[in-house]
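Both counts, for ligands and for their atoms, begin at 1 and track the order of listing. Every heavy atom of this structure was used, including side-chain atoms; hydrogens, water molecules and symmetry mates were not.
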Amino acid sequence: MDRRHFLAASSLAAAAPVLSQTIGSSTQTANASSLSKRVDFTTDGLGLNPGEYAMLLQHTVTKENFEPDYYSNGGAIAELEQKFAKYLGKEAALFVPTGTLANHLAVRKLAGNDRRVIVQAESHFYNDSGDCAETLSDLNLIPLAQGRSTIELAEVKQWVERSAGGRVPSKVGVISIENPVRRKNHEMVSFEELQRVCVYAREQGIRLHMDGARMFNLPLHSGKSVRDYAALFDSVYVSLWKHFNAASGAILAGDAKFIEGLFHVRRMFGGSLPHAWPQVAVATQYLESYEQEYAKAWKAADQLIVLLQQDARFKIDKVANGTSKFFLSISGITPELVTERMHKRGFLLPHTNPDNGIFQMQVNPSILRSSPTKMARAFFDSLKD
Ligand SMILES: Cc1ncc(COP(=O)(O)O)c(C=O)c1O
């Protein structure tokens with residue numbers, strides 16, 4: 001045994017009692033059901049705590065053939081990029097340290113000299129990115145579909161024509177679409193309307209970017225694969241820290257020409273981490289299994305919902321065209337008290353809406369650490385003490 005493997009083996013052995021709760025045997029790939037027993041209804045992924053993350057990282061990086069990156073290029077990062085690109089049906093991909101920067105780099109490159117960019121008014125890019133596109137890349141964002149998830153073809157056409165017909169004609173260079181939409185309770189964009197918008201954009205020579213931070217949740221609800229979605233767009237961003245349990249990071253995928261040289265722009269924006277592997281090395285192992293785990297999680301959540309509905313104090317609402325969220329209200333107890341009591345039983349509940357006390361429950365693979373019966377029992381018991 002060489003020194004590296006001796007150290008790895010001995011540190012895994014030392015951590016064995018805790019590790020057995022977190023990643024099972026050191027030779028197995030960690031999966032949702034063998035991680036800690038906590039069920040986290042607040043998160044998009046497993047909600048690993050720092051200790052669990054550190055152990056999972058150690059388990060990942062002490063495998064044979066693990067190669068670190070250098071300045072976010074090569075090694076485990078190149079492998080991650082290739083695997084995500086292939087899964088999405090794209091030729092190439094680039095690791096980017098945040099989704100905020102991934103959206104910005106994509107739209108900036110796709111726009112070229114056509115500086116107008118159509119976005120959803122409810123998108124992260126328009127609301128939560130500090131006007132980076134305007135301030136740092138001289139782009140002009142046009143927010144459409146206020147209060148809605150889906151941009152209709154009619155409004156796209158209207159704005160494309162209006163832009164082209166100004167006294168100084170300005171071409172719309174890019175349409176950027178977030179799907180599912182975080183600010184709309186993770187609602188899906190209509191696939192049919194998306195197709196119509198994309199066909200029209202192609203006819204007009206307008207480029208297309210997708211903010212697919214949580215796009216791996218779409219197939220279960222829409223029946224369309226992540227490849228079906230990605231195929232409509234020139235570039236697609238997927239978050240690595242939401243479904244794939246990384247500490248941070250994003251994948252930006254597109255054709256080889258789009259990705260070529262983009263790592264220089266990433267660096268220009270200060271986004272080439274000298275060592276990116278600690279952020280994302282754990283993510284690759286979840287890529288192939290995530291969709292199945294999410295489907296199983298919803299099956300368990302639906303069973304939980306049926307059980308809770310047998311008690312009139314529990315009221316559940318689903319989101320129309322929704323993905324990972326459902327709403328839960330519980331009468332006869334304060335949200336704070338039920339949160340505290342559920343926490344003691346190993347179930348983390350999300351914050352409630354202060355106006356109505358409704359929990360915005362997130363369905364994710366951590367649900368598979370328990371069973372519908374056990375979860376329902378914990379809720380019922382929490383109403384008593
Ligand atoms: C839809 C969407 N896009 C982009 C981002 C930005 O990702 P990051 O926090 O990695 O910058 C987020 C983050 O929550 C998001 O929800």
*Asks:* Below 3.5 Å only, please: the N or O atoms of ligand 1 paired with protein N or O atoms, distance on each line.
*Replies:*
from     : atom 1 : to     : atom 2 : distance (Å)
ligand 1 : 3 (N)  : Asp211 : OD1    : 3.4
ligand 1 : 3 (N)  : Asp211 : OD2    : 2.6
ligand 1 : 7 (O)  : Tyr237 : OH     : 3.4
ligand 1 : 10 (O) : Gly99  : N      : 2.8
ligand 1 : 10 (O) : Trp241 : NE1    : 2.9
ligand 1 : 11 (O) : Gly99  : N      : 3.2
ligand 1 : 11 (O) : Thr100 : N      : 2.9
ligand 1 : 11 (O) : Thr100 : OG1    : 2.6
ligand 1 : 14 (O) : Lys242 : NZ     : 2.8
ligand 1 : 16 (O) : Arg214 : NH1    : 2.9

*Asks:* Output, in order, the C-alpha distance, side-chain angles, deciding distance and verdict of salt bridge (charged side-chain N to carboxylate O under 4.0 Å, His left out) for Asp381 and Lys384.
*Replies:* CA-CA 5 Å; Asp381 289 350; Lys384 289 187 243 146; 3.4 Å; yes
*Asks:* Under the side chain to side chain contact (heavy atoms under 4.5 Å, CB included) test, which residues partner Val319, sequence neighbours left out?
*Replies:*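 Side chain to side chain contact (heavy atoms under 4.5 Å, CB included) list for Val319, sorted by chain: Asn185, Lys325, Phe327.
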*Asks:* Salt bridge between Arg202 and Asp234, side-chain N to carboxylate O under 4.0 Å?
*Replies:*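 A salt bridge is present here (some side-chain N lies under 4.0 Å from a carboxylate O).
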*Asks:* So, using ring pair (Phe, Tyr, Trp, His ring centres under 6.0 Å) as the criterion, who are the partners of Phe347 when residues are at least two apart?
*Replies:*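 Here no residue qualifies.
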*Asks:* Report, one line per pair, each donor and acceptor closer than 3.5 Å where one atom sits in a side chain of residues 255-264; sequence neighbours left out.
*Replies:*
from   : atom 1 : to     : atom 2 : distance (Å)
Asp255 : OD1    : Lys257 : N      : 3.3
Asp255 : OD1    : Phe258 : N      : 2.8

*Asks:* May I ask you to decide if Ser190's main-chain N or O and Thr150's side chain share a donor-acceptor pair within less than 3.5 Å?
*Replies:*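 Indeed, once roles are kept as given, a pair shorter than 3.5 Å links the two residues.
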